[in-house]
2 protein chains.
Amino acid sequence: MELAAAKLKFIEAWGKLGSEWGINRTMAQVHALLLISPEALTTEEIMENLSISRGNANMTLRDLIGWGLIEKQHKAGERKEYFFADKDVWNIARQVAKERKKRELEPVLKILTELSTVEGDEKDPEFKTFKKSVNDINKLANNVDKTLETMLKAEENWFWSSVLKVFK
Amino acid sequence: MELAAAKLKFIEAWGKLGSEWGINRTMAQVHALLLISPEALTTEEIMENLSISRGNANMTLRDLIGWGLIEKQHKAGERKEYFFADKDVWNIARQVAKERKKRELEPVLKILTELSTVEGDEKDPEFKTFKKSVNDINKLANNVDKTLETMLKAEENWFWSSVLKVFK
DNA sequence: ATAAAGTTTCAATAAGTTTTGAAAGTTTAA
DNA sequence: TTAAACTTTCAAAACTTATTGAAACTTTAT
């Protein structure tokens with residue numbers, strides 16, 4: 001396969017994956033483009049490469065910075081802003097896990113904790129079923145939360161050697 | 001908190017979580033409703049409870065069956081179909097992991113494998129950066145795939161005791 | 001064979017999300 | 001201080017996805 005074709009395919013695949021995981025397509029595509037660029041790129045270059053508008057490029061770059069996936073770079077003697085992506089896949093995974101934990105898992109944990117205080121008649125099947133489901137989900141969510149917490153602190157090698165020891 | 005209020009809140013929260021994870025809101029809400037129901041429910045009851053149309057209820061129930069999250073039940077002497085959810089949270093997590101692995105991870109692995117066959121000049125920074133990123137992502141994706149594979153085969157107790165030993 | 005009960009389909013429509021582009025805002029150099 | 005270079009904002013438009021509801025279909029009891 002040709003490099004140019006491979007690049008297009010990569011950007012497309014990363015965009016699709018992103019949209020399946022609740023990250024908007026353009027955001028994932030800009031990230032993909034920067035991931036495979038040896039040099040930092042300007043807003044203009046990104047707009048041109050992906051055929052997107054200035055407004056869209058600007059918002060998307062801001063969001064990616066918010067997710068901690070890309071950074072701004074200032075080149076000496078230049079006014080333009082350049083953007084580049086952290087190329088370390090392990091850092092990317094951690095960063096995404098961190099953001100989703102904060103944005104999604106934590107609010108759910110809060111609600112589950114609240115819901116598990118529900119009061120009712122232990123003989124009522126409606127009540128019993130509700131309570132059991134909520135408690136079970138609560139336990140699972142807490143386990144996931146702890147696991148992510150540990151992952152966020154972990155060094156890559158430590159992490160994979162531990163996981164692979166268990167899942168060999 | 002009152003049971004009725006708690007139920008509503010649970011259904012709403014589960015729906016929101018679902019939509020953040022690429023599962024449509026109604027599907028997650030129907031699942032939530034069945035999760036906290038001690039008895040299997042009919043299409044009518046689900047429609048009424050969530051104020052959704054017959055068409056929507058039907059499609060959603062079919063999708064949930066496709067994901068392996070709910071099942072049909074036939075009651076003796078009755079024509080209507082009843083639906084109930086597997087209440088075991090561990091089974092739910094495995095089932096969701098299984099479907100997403102199949103629908104999302106596997107196609108991506110296929111493309112990554114293809115992309116890693118790209119040919120080019122090792123001295124070209126464009127080529128080197130592309131190849132390194134694709135290879136790194138490929139490795140991570142394969143690790144995730146193996147981990148999920150093991151998880152799918154695991155028994156609950158074995159799994160959690162192992163995980164908690166590592167991430168304590 | 002018929003009609004009643006129940007289920008499925010799908011084109012039209014509604015709701016939600018993303019993108020555009022032009023205008024407003026900001027920064028820098030001279 | 002001015003104007004050129006660059007960045008940000010946001011309302012309107014385009015696009016995508018979810019939902020409705022009525023018609024078609026299937027099954028069962030008589």
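As a basis for the values below, the full set of heavy atoms in this structure was taken, side chains included, without hydrogen atoms, waters or symmetry mates.
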Quiz item: How close or far is atom P of C/dT28 from atom NE2 of A/His74, stated in whole angstroms?
Solution: 9 Å
Self-check item: Set of residues satisfying salt bridge (charged side-chain N to carboxylate O under 4.0 Å, His left out) with respect to A/Asp145, sequence neighbours excluded
Solution: A/Lys101
Quiz prompt | Any residue meeting side-chain hydrogen bond (donor to acceptor under 3.5 Å, both in side chains) with A/Glu114, in chain and number order, not counting sequence neighbours | solution = B/Lys9
Quiz item: Between B/Ala6 and A/Leu115, which heavy-atom pair has the shortest distance, and what is it?
Solution: O-CD2, 3.6 Å
List the atom pairs, with distances to 0.1 Å, where a side-chain N or O of residues 20-30 of chain B and a protein N or O form a donor-acceptor pair under 3.5 Å, not counting sequence neighbours.
residue : atom : partner  : partner atom : Å
B/Trp21 : NE1  : A/Glu104 : OE1          : 3.1
B/Asn24 : OD1  : B/Thr26  : N            : 3.0
B/Asn24 : OD1  : B/Met27  : N            : 3.0

Quiz prompt | Minimum heavy-atom distance B/Met151-B/Ala93, with the two atoms named | solution = CE-O, 4.1 Å
Quiz item: Tell me: NZ of A/Lys72 to P of C/dT27, nearest whole Å?
Solution: 11 Å
Quiz item: Under 3.5 Å, is there a donor-acceptor pair linking the side chains of B/Thr60 and B/Asn56?
Solution: yes
Quiz item: Whole-Å distance between C/dA3 C1' and B/Arg79 CZ?
Solution: 11 Å
Self-check item: Distance, rounded to the nearest Å, where B/Glu44 contributes CD and C/dG6 contributes C1'
Solution: 9 Å
Self-check item: For chain B, the stretch of DNA chain D it reaches, first to last nucleotide, under 4.0 Å of its heavy atoms
Solution: D/dA18 to D/dT28
Quiz prompt | A/Lys146 bridged to A/Glu149 by N-O distance under 4.0 Å | solution = no
Side-chain donor-acceptor distances from residues 44-52 of chain B under 3.5 Å, at least two apart:
residue : atom : partner : partner atom : Å
B/Glu44 : OE2  : B/Arg54 : NH1          : 3.4
B/Glu44 : OE2  : B/Arg54 : NH2          : 2.6
B/Glu45 : OE1  : B/Thr42 : N            : 2.8
B/Glu45 : OE1  : B/Thr42 : OG1          : 3.3

Exercise. Could you run through nucleotides 14-23 of chain C and give me one letter per nucleotide, 5' to 3': B if any protein heavy atom sits under 4.0 Å from the base, S if only the sugar-phosphate is that close, - if neither?
Key: ----SSBB--
